Every structure is written in C-alpha cells, then in structure tokens.
Amino acid sequence: MSNLLADNETNFRNYGDHYELVVSPSKDLPIDDIRHAFLHFLLDPIAIRYRVNASRLSRCLNMPRARPCFRRKCMTIFPPFFDECLVRAVEFRLRRLSPEDLASAIDQAESSGYVLVRPIYAGLAGF
C-alpha cells in the first residue's frame with residue numbers, strides 16, 4: 001500500500017465492470033492518466049458490445065509479435081488489445097494534435113505494438 005502514497009504515481013485497475021483510480025496528492029494532476037482511465041470506463045462497454053465484429057481483425061495480433069513490447073498479456077488476447085487501441089485512438093482525437101505530432105504519436109503507438117490505432121483513428125473521422 002505504501003507505493004500508492006508515492007509522489008506522482010497513478011494506479012488504475014479494473015475488475016470486470018468495477019474501476020478504481022488512485023491518484024497521489026500532487027501539485028500537478030496527471031491529467032493524461034486520468035483521461036486514459038476515464039476513457040476506459042466509457043469505451044470498454046462499447047468494445048465489449050462490438051467484440052464479435054472487431055474479432056475479424058484478430059489476425060493482426062500475429063503481425064507485431066516479434067516486438068518485445070508485444071509480449072504483455074493485454075496484447076496476446078484480442079478484446080483487451082482492441083480496447084486499448086480504441087482508447088488510444090480516441091485520446092489522439094481528443095488532443096487535437098497537429099498533423100506532424102499526430103503522425104509521430106501514431107507511429108509511436110504502432111512501434112509499441114498497437115497496430116490498430118491508425119485504422120481506428122481514421123474510422124473516428126466522422127465523429
């Protein structure tokens with residue numbers, strides 16, 4: 001429990017439909033971490049509802065497996081992987097990045113193994 005009281009540390013967990021966010025007291029709130037957790041709270045049900053449709057893309061899990069960062073558990077099971085890509089794409093949309101910064105952010109997400117961020121972001125153009 002002592003690590004929860006460390007400076008500038010944010011912990012976010014979800015267990016089914018129960019979400020917990022612990023933010024350590026600090027002058028500067030970790031707005032990006034809070035936004036990310038809140039987007040999971042909002043978007044997880046949508047990702048679950050359309051899990052069957054999204055599962056058609058599950059073959060993309062085979063593309064980046066050679067990358068060391070892809071060995072994380074959430075990236076070997078498709079629903080959490082898709083959910084994380086969806087949250088990251090929405091974050092990029094909300095941040096209204098310049099075209100150069102957006103390209104860099106999407107490239108960084110892809111190099112981390114989140115290969116669905118680009119197509120999901122493109123699909124969000126109508127929203």
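Everything numeric here is computed off the predicted structure, so don't read it as measured data. In this chain, numbering begins with 1 at the start of the sequence shown.
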Engineer: Could you tell me how the ring of Tyr114 sits relative to the ring of Phe81: parallel (under 30°), tilted (30 to 60°) or perpendicular (over 60°)?
Structural biologist: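 The arrangement is parallel - the two ring planes meet at less than 30°.
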Engineer: Ignoring hydrogens and angles, tell me if any N or O in the side chain of Ser104 forms a donor-acceptor pair with the backbone of Glu100 under 3.5 Å.
Structural biologist: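 Judged by distance alone, no pair lies under 3.5 Å.
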Engineer: State, with a plain yes or no, whether a side-chain heavy atom of Ile120 is found less than 4.5 Å away from one of Val90.
Structural biologist: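 Sidechains of Val90 and Ile120: no contact.
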Engineer: Excluding sequence neighbours, so at least two apart, what forms salt bridge (charged side-chain N to carboxylate O under 4.0 Å, His left out) with Asp101?
Structural biologist: none
Engineer: Is Ile106 close to Arg88 at the side-chain level, that is, under 4.5 Å between some pair of heavy atoms?
Structural biologist: no
Engineer: Working to the nearest 0.5 Å, report the span between CG of Asp44 and CG of Leu86.
Structural biologist: 8.5 Å
Engineer: Could you tell me which residues satisfy salt bridge (charged side-chain N to carboxylate O under 4.0 Å, His left out) with Asp32, sequence neighbours excluded, listed by chain and number?
Structural biologist: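 Here the qualifying residues are Arg35.
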Engineer: Tell me the closest heavy-atom pair linking Val117 and Ala89, and the distance in Å.
Structural biologist: O-CB, 3.9 Å
Engineer: Would you say the ring centers of Tyr19 and Phe41 fall short of 6.0 Å from each other?
Structural biologist: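 Yes, ring centres under 6.0 Å apart.
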Engineer: Quick one: SG on Cys85 to CZ on Arg118, what's the gap to the nearest 0.5 Å?
Structural biologist: 12.0 Å
Engineer: Quick check: closest heavy atoms across Leu124 and Arg93, and the distance to 0.1 Å?
Structural biologist: O-NE, 3.4 Å
Engineer: Minimum heavy-atom separation for Asp83 and His40, please, with both atom names.
Structural biologist: OD2-ND1, 3.3 Å
Engineer: Please test Glu91 against Arg95 for salt bridge (charged side-chain N to carboxylate O under 4.0 Å, His left out), starting from the C-alpha separation and ending with a verdict.
Structural biologist: CA-CA 6 Å; Glu91 280 179 322; Arg95 290 171 52 195; 5.9 Å; no
